[in-house]
Amino acid sequence: MDRSVKRGYHKPLIIEDIGGKNMDNYAPKDIEKKWQEKWEEQGLYKAEDGSKKPKCYVLDMFPYPSGSGLHVGHVEGYTATDIYSRFKRMQGYNVLHPMGWDAFGLPAENYAIKSGVHPKETTESAIKTFTRQIKSLGLSYDWSREIGTHTPEYYKWTQWFFLLLHKNGLAYKAKANVNWCDSCKTVLANEQAEGGVCERCKNPVAQKEMEQWFFKITDFAEDLIKDLDGVDWPVSTKLNQRNWIGKKEGISIVYEIEGVDEKVVCFTTRPDTNFGATFIVLGAEHPLVEKITIPKYQNEVQSYVEKTLGQTEEDRIIQGRVKTGVFTGRYAINNLNGKKLPIWVSDFVLGYIGTGAVVGVPGHDMRDFEFATAFGIPVERVVIASDGDASLITRAEQVQEAEGEMVNSEFLDGMDIHEAKEKMMDYLEEKRWGKRVTTYHLRDWLVSRQRYWGAPIPIVYDPEGKAHPVPEEHLPWVLPADVEFKPTGYSPLADSKEFAQRTEKIFGKGWKPEVDTMDTFVCSSWYYFRFADPENKEEFAGKKAIEQWLPVDMYVGGAEHTVLHLMYARFFTKALKKFGYAKFDEPFLKLRHPGTILAQDGRKMSKSLGNVINPDEVIEQYGADALRLYEMFVGPLSDAKPWNTKNIVGVKRFLEKVWRLREKARAGHKDSAELEYAVHFAVKKVGEDMEAFGCNTAISQLMILANAMEKEEAISESAWESFLLLLAPLAPHIAEELWFLLKTILPRWSGQVNYKLETSIHVQSWPQYDPAALMKKKARIVVQVNGKVRDAIDVARGADEEQVKNLALSSEKAQKWLAGKIPVKFIYVQDKLLNIVV
RNA sequence: GCGCCCGUGGUGGAACUGGCAGACACGCCAGCCUUAGGAGCUGGUGCCGCGAGGUAUGGAGGUUCAAAUCCUCCCGGGCGCACCA
């Protein structure tokens with residue numbers, strides 16, 4: 001990395017070796033690499049610290065540098081942000097557009113187990129490949145800010161965050177049932193074990209009781225929901241986050257248990273139906289199970305509990321919804337009506353949801369109904385739906401959940417269920433039989449991993465086994481190098497002699513290091529701060545730098561991170577705000593997800609299917625500008641789109657057309673009125689599209705303009721300039737080359753042969769359009785008769801209704817359809833349409 | 001099962017806030033140029049019809065002067081969650 005060039009300072013450099021060879025044909029190979037080198041030499045894309053210009057922080061989700069290199073999906077997102085960054089720079093913004101590496105992770109470690117090559121080595125060579133590939137696309141990253149999460153300079157601060165959270169009670173160690181992936185040999189966070197399978201390897205996840213480190217993300221559940229209102233994110237992403245957090249309002253009802261001095265607490269969102277309760281179910285892990293089961297049922301209950309707790313998520317899925325369970329022999333009392341509710345144990349009640357105990361209302365909950373019918377428990381009706389059915393509930397179709405009116409419920413009778421819910425909660429609270437509570441699906445974030453290639457958790461244990469934070473002065477708490485890569489099932493760090501010795505040396509005899517590493521999502525939860533101040537040795541980022549650059553204005557990356565990275569990063573930001581390190585609530589103001597690029601056959605690209613497109617080969621054959629344009633032109637960024645090599649020809653032809661157009665540019669030429677209009681219109685349209693991330697329509701507008709220019713004998717220098725400026729963010733190399741040729745070859749510029757950075761097209765201002773020029777063109781008014789198009793007339797823009805009406809009524813084509821009938825109504829839309837109703 | 005999103009030519013897709021459906025491009029057809037073409041140029045290309053014209057945005061209704069766009073139901077596809085009490 002070249003640190004000699006101070007950020008924001010552009011070293012002037014004369015380029016004298018441009019042009020000359022093969023000027024007749026468009027040859028991307030001759031121009032792309034050349035300009036990439038010039039741009040980098042001159043630090044063209046460096047973000048300026050301390051600049052007074054308005055800032056714009058445009059960020060890609062940084063990649064995991066995998067051994068297979070960059071794929072066309074990366075290219076899509078990176079091109080989109082590159083275009084946006086270039087556009088914003090031309091608009092006068094001080095743009096921060098950095099790139100880095102989410103470098104810790106399992107694949108490199110798994111490869112090490114197979115091959116013996118150290119993950120550091122694999123990772124660094126992958127980074128080299130990625131860097132080369134990214135540079136070959138002409139992406140305008142500020143490489144002086146490059147970061148890698150695997151470097152001690154970076155993970156020092158990841159560890160510092162751990163300590164910050166620990167100090168503030170937001171990091172804690174606890175014994176809990178956790179998700180264990182036997183294939184990856186590590187525990188996983190809830191978010192990484194969705195659907196009971198490992199997020200990474202798709203193997204089923206088992207439940208295991210282990211002592212692990214957690215981050216208390218649940219403290220922020222409410223803010224994590226609330227603050228979604230203020231960000232410009234895709235609706236589905238916001239919704240997924242809301243669902244994942246899963247806020248529910250209900251009431252915990254306390255039931256006395258007959259014959260023992262114990263109470264069972266059941267959370268419910270439907271207290272309105274509580275007169276219809278006929279049983280209670282405990283989850284297998286519920287502490288009361290042991291305490292209340294009467295001896296007669298002891299054996300049966302115990303074996304059921306054992307069997308249930310040994311189940312994997314996958315077992316549960318295979319079993320489906322078949323209800324199983326055992327009776328404890330005890331009864332709870334429903335205070336509302338004095339009814340005895342038998343207490344059962346069943347695996348359909350999950351220990352980690354609500355209170356781990358459920359009150360069964362089989363008439364109005366499908367699962368309760370299935371359970372009741374399986375064990376002959378009575379079913380009672382307390383709600384009548386709109387169908388009016390008031391009969392005994394004996395069939396599943398009669399079980400009514402969503403709407404209705406209360407019956408058989410004393411003081412609730414006749415009420416709508418929603419009203420009844422409130423009334424019942426008031427009543428239960430007044431009687432002190434229950435308490436309103438809000439629950440969340442979100443769990444605390446389990447961050448321990450029994451893996452090597454991650455940031456070590458900065459904790460040491462004293463000889464009594466008590467955990468102590470590693471003092472800040474010992475950070476970075478360096479990842480030891482002397483480990484074996486074997487799938488052992490325990491943390492590889494436990495084998496490191498150096499790690500153990502280091503700990504004893506610093507802390508004393510008998511002290512042991514924590515041997516787990518942190519989930520890599522911890523590393524990526526704060527990296528966007530580091531880009532603001534990547535070389536800071538005193539802080540994760542300086543206050544001033546944070547204030548200047550954060551939050552991120554535009555964030556682009558895969559939708560697969562909706563409840564992982566994006567949730568964790570929001571949590572980190574909220575914690576930082578709480579502790580005074582940030583002044584904002586949300587890290588990413590705007591978020592967009594690129595759609596998946598599918599293979600030609602419409603399936604996902606994958607190595608095993610052999611349908612992967614390698615961007616290197618496309619660049620080799622068509623050039624980087626063509627690849628960029630192609631990926632942007634196929635459709636809207638967020639859509640899934642199949643790759644079609646044939647279609648690259650279209651954008652390649654366009655670039656060749658543009659290349660030929662240079663010969664038409666003439667100093668002193670006066671453009672036709674049509675072309676003048678077309679240029680202004682394109683400036684307006686392309687600008688609007690870029691702002692809205694609509695690159696596909698921006699490109700088609702440029703194609704329209706190029707087609708119009710091609711029809712002209714000659715075009716003015718200024719029209720050509722405007723065209724190139726509009727093209728510059730999209731196809732930066734050809735735009736730069738043609739800009740250079742324009743500035744050096746046209747007679748007017750013949751005196752200037754030196755090309756300095758200041759003359760690069762990429763530091764020019766975005767062109768302005770003249771609204772008056774757009775008004776010059778006549779408006780085409782569509783003439784409709786009874787809503788059907790019959791004619792079109794051209795009038796001056798802003799023409800008044802009377803004038804248009806008269807013109808339309810006298811039009812021959814309209815006459816034919818009016819045929820003597822009397823118009824009853826005219827609908828006039830300025831400059832667009834006149835509808836004559838007869 | 002629940003929630004959300006989406007259905008437009010042979011293809012990818014345009015169509016701003018309800019106002020000419022099919023921009024732009026691929027493909028295809030015809031012609032020109034060329035020793036040759038994965039090159040270039042010109043014209044054509046939703047469907048029916050010689051034509052005037054009619055008809056058309058998954059299907060059926062509805063609202064409106066006017067619907068791809070708004071509403072209801074149905075069909076089809078995608079995504080997310082899933083025994084969440």
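Naming: A, B, ... by sequence-line order, numbering from 1 per chain.
Nucleic acid contact class of A:Val634 (heavy atoms, under 4.0 Å, all strands): sugar-phosphate only. Residue A:Glu710 is in sugar-phosphate contact alone, with no base atom involved, counting any heavy-atom pair closer than 4.0 Å across all strands shown. Base engagement by A:Lys323 is indicated by at least one non-hydrogen atom pair under 4.0 Å involving a base atom. Nucleic acid contact class of A:Ile353 (heavy atoms, under 4.0 Å, all strands): base. Among the heavy atoms of the strands, none lies under 4.0 Å from A:Asp368.
Put simply, the side chain of A:Tyr622 and the base of B:G38 share a donor and an acceptor less than 3.5 Å apart. Counting distance only, with no hydrogens placed and no angle test, the side-chain atoms of A:Lys832 and the base atoms of B:C20 include no donor-acceptor pair under 3.5 Å. For A:Asn647 and B:C26, a side-chain-to-base donor-acceptor distance below 3.5 Å is absent, hydrogens and geometry of angles not being considered.
A donor-acceptor pair shorter than 3.5 Å can be found between the side chains of A:Lys657 and A:Asn707.
B:A30 is paired with B:U42 under the Watson-Crick or G-U wobble criterion, all donor-acceptor distances under 3.5 Å.
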As a quick check of understanding, evaluate salt bridge (charged side-chain N to carboxylate O under 4.0 Å, His left out) for A:Glu429 and A:Arg436, giving each step before the final call.
CA-CA 7 Å; A:Glu429 284 197 321; A:Arg436 277 182 165 88; 2.8 Å; yes

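For A:Phe348, the listed nucleotide lying nearest its side chain is B:C83; candidates were B:G38, B:G19, B:C83.
Residue A:Ala640 is the one, among A:Ala640 and A:Arg780, whose nearest nucleotide of RNA chain B lies closer to the 5' end (criterion: closest heavy atom). Comparing A:Gln784 and A:Gln701 along RNA chain B, the residue whose closest nucleotide (by nearest heavy atom) sits nearer the 5' end is A:Gln784.
Within the 3.5 Å criterion, the main-chain N or O of A:Asp347 finds a donor-acceptor partner in the side chain of A:Tyr304.
In this structure, A:Arg570 is positioned above the aromatic face of A:Trp233, its NZ or CZ under 6.0 Å from the six-membered ring centre and within 45° of the axis. By the 6.0 Å and 45° rule, A:Lys323 stacks over the aromatic ring of A:Phe348.
Look at the P atom in both B:G22 and B:C4: the space between them is 34 Å, to the nearest Å. Remark: the separation of the C1' atoms in B:A23 and B:G31 is 26 Å, to the nearest Å.
Remark: A:Arg790 is not in phosphate contact with B:C20, judged by side-chain N or O atoms under 4.0 Å from OP1 or OP2. Residue A:Asn696 places at least one side-chain N or O under 4.0 Å from the OP1 or OP2 atom of B:A14. One finds a side-chain N or O of A:Lys788 lying less than 4.0 angstrom from the OP1 or OP2 phosphate oxygen of B:U55. At the phosphate of B:A39, OP1 or OP2 sits under 4.0 Å from a side-chain N or O atom of A:Arg653. An OP1 or OP2 oxygen of B:C41 is reached within less than 4.0 angstrom by a side-chain nitrogen or oxygen of A:Arg660.
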